[in-house]
Amino acid sequence: MPDTPVATPRARVRVPLRFPDGYAVDADLVTFHGLADGREHLAVVLGDPGPVPLVRLHSECLTGDVFGSARCDCGPQLREAVERIAGRGGVLLYLRQEGRGIGLYNKLDAYALQDQGLDTYEANAALGLPEDARDYTAAAQMLRALGIEKLDLLSNNPDKTEQLRTLGVGVRERVPTGVFTTAHNVRYLRAKVLQTQHTLPLGELTERNAG
């Protein structure tokens, strides 16, 4: 197991969550001391987590999570994850990693390049930025602070599984999320499959979906 600093819970508060479609659930929001990257990540504890809880690592997406942007699938994934985790019992880690870790302004700059024909990864590269700058050390710290050593991971992204396992967290199974296509995100989702092997049905992500 890597020698990572120990994080500890800072505070835990009960918050009723209400979504625009009417779905409602109560959650415990947990903050932490000692996270490796110094960011204000948040654990959202839902339902009654068992010995192997369902966990999602959800990277913050202001445009998708808050404003409902159709250029990504982040908002629908967040909504789906909360309900699925609440039904089984587990934790959603809301990680302050906007734009796969490059930040909000850089993400919007990348959007402008995507409008010129680049895909999401090519746009990052054109800005001199990594395709994916996310590091999940803090996520592993948060899980250990919550007493979670083994989990099922709600994700289409194999890199999350690999990083958690490297960090000593047991991932029993990777559980795919739904597929949330819009007229504006098909190229984005296809790039995820082709560039970083996300487990999405490539056959469904054709340009006809954008028509």
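Values reported hereafter were calculated over all heavy atoms of this structure, with side chains retained and with hydrogens, waters and symmetry mates removed. The model shown is predicted, which means the values in this text are computed figures rather than measured ones.
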Step by step, would you call Arg88 with Asp152 a salt bridge (charged side-chain N to carboxylate O under 4.0 Å, His left out)?
CA-CA 11 Å; Arg88 172 171 156 181; Asp152 287 339; 2.6 Å; yes
With side-chain contact (heavy atoms from CB on, under 4.5 Å) as the criterion, how do Lys160 and Arg134 come out once you've worked through the C-alpha distance, each side chain's angles and the decisive distance to 0.1 Å?
CA-CA 9 Å; Lys160 292 180 179 179; Arg134 290 174 294 183; 4.1 Å; yes
Steps toward side-chain contact (heavy atoms from CB on, under 4.5 Å) verdict (Leu95, Met142)
CA-CA 10 Å; Leu95 304 172; Met142 295 163 74; 4.0 Å; yes
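Checked against salt bridge (charged side-chain N to carboxylate O under 4.0 Å, His left out), Arg12 has the following partners two or more places apart in sequence or in another chain: Asp28. In this structure Leu108 satisfies the side chain to side chain contact (heavy atoms under 4.5 Å, CB included) test together with Thr63, Leu104, Tyr111, sequence neighbours excluded. Thr137 meets the side-chain hydrogen bond (donor to acceptor under 3.5 Å, both in side chains) test with Asp135; sequence neighbours excluded. When the side chain to side chain contact (heavy atoms under 4.5 Å, CB included) test is applied to Ala126, the partners found at least two apart in sequence or on another chain are Leu113, Leu118. In terms of the side-chain hydrogen bond (donor to acceptor under 3.5 Å, both in side chains) criterion, Gln141 has no residue partners (sequence neighbours excluded). The side chain to side chain contact (heavy atoms under 4.5 Å, CB included) test applied to Pro9 returns Val30, Ala145, not counting sequence neighbours. Among residues two or more places apart in sequence or in another chain, the side-chain hydrogen bond (donor to acceptor under 3.5 Å, both in side chains) test is passed with Asn106 by none. In terms of the side-chain hydrogen bond (donor to acceptor under 3.5 Å, both in side chains) criterion, residue partners of Thr31 (sequence neighbours excluded) are, by chain and number, Arg10.
Between the side chain of Arg144 and the backbone N or O of Ala7 there is no donor-acceptor pair closer than 3.5 Å.
Leu57 CG to Asn157 CG: the interatomic distance, rounded to the nearest 0.5 Å, is 9.0 Å. Interatomic distance, Ser155 OG to Leu164 CG, rounded to the nearest 0.5 Å: 9.0 Å. To the nearest 0.5 Å, atom CG of residue Leu93 and atom CG of residue Leu146 are 7.5 Å apart. For the atom pair CD of Glu98 and OG of Ser59, the computed distance is 9.0 Å after rounding to the nearest 0.5 Å. Here CD of Glu149 is found 8.5 Å from CG of Leu143. Values are rounded to the nearest 0.5 Å.
Residues Cys72 and Gly64 come closest through the heavy atom pair SG-CA, 4.0 Å. In terms of heavy atoms, Asn156 sits closest to Pro158 at O-CD, 3.4 Å. Taking both residues in full, the closest heavy atoms of Pro130 and Asn124 are given as O-ND2, 3.1 Å, listed atom of the first, atom of the second, then distance. Of all non-hydrogen atoms in His41 and Ala138, the two that sit nearest each other are CD2-CB, 3.7 Å. Pairing each heavy atom of Lys107 with each of Gly99, the nearest pair is CD-CA, 3.6 Å. For the residue pair Val169 and Ala140, the shortest heavy atom distance occurs at CG2-CB, 3.9 Å.
The list of ring pair (Phe, Tyr, Trp, His ring centres under 6.0 Å) pairs with a residue in residues 125-169, not counting sequence neighbours, is empty. Counting only residues at least two apart or in different chains, salt bridge (charged side-chain N to carboxylate O under 4.0 Å, His left out) contacts with residues 15-24 comprise Arg18-Asp26, Asp21-Arg79. Among residues at least two apart or in separate chains, salt bridge (charged side-chain N to carboxylate O under 4.0 Å, His left out) pairs with a member in residues 40-65 are Glu60-Arg96.
Annotation: side chain of Pro53 is in contact with side chain of Ile148 (closest heavy-atom distance under 4.5 Å). You'll find the side chain of Arg71 reaches within 4.5 Å of the side chain of Asp115, heavy atoms only.
Under a 4.5 Å side-chain heavy-atom cut-off, the cluster of Ile, Leu, Val, Met, Phe, Trp and Tyr residues that includes Leu42 is completed by Val13, Val15, Leu17, Phe19, Tyr23, Val25, Leu29, Val44, Leu46, Leu54, Leu78, Val82, Ile85, Leu92, Tyr94, Leu154, Val175.
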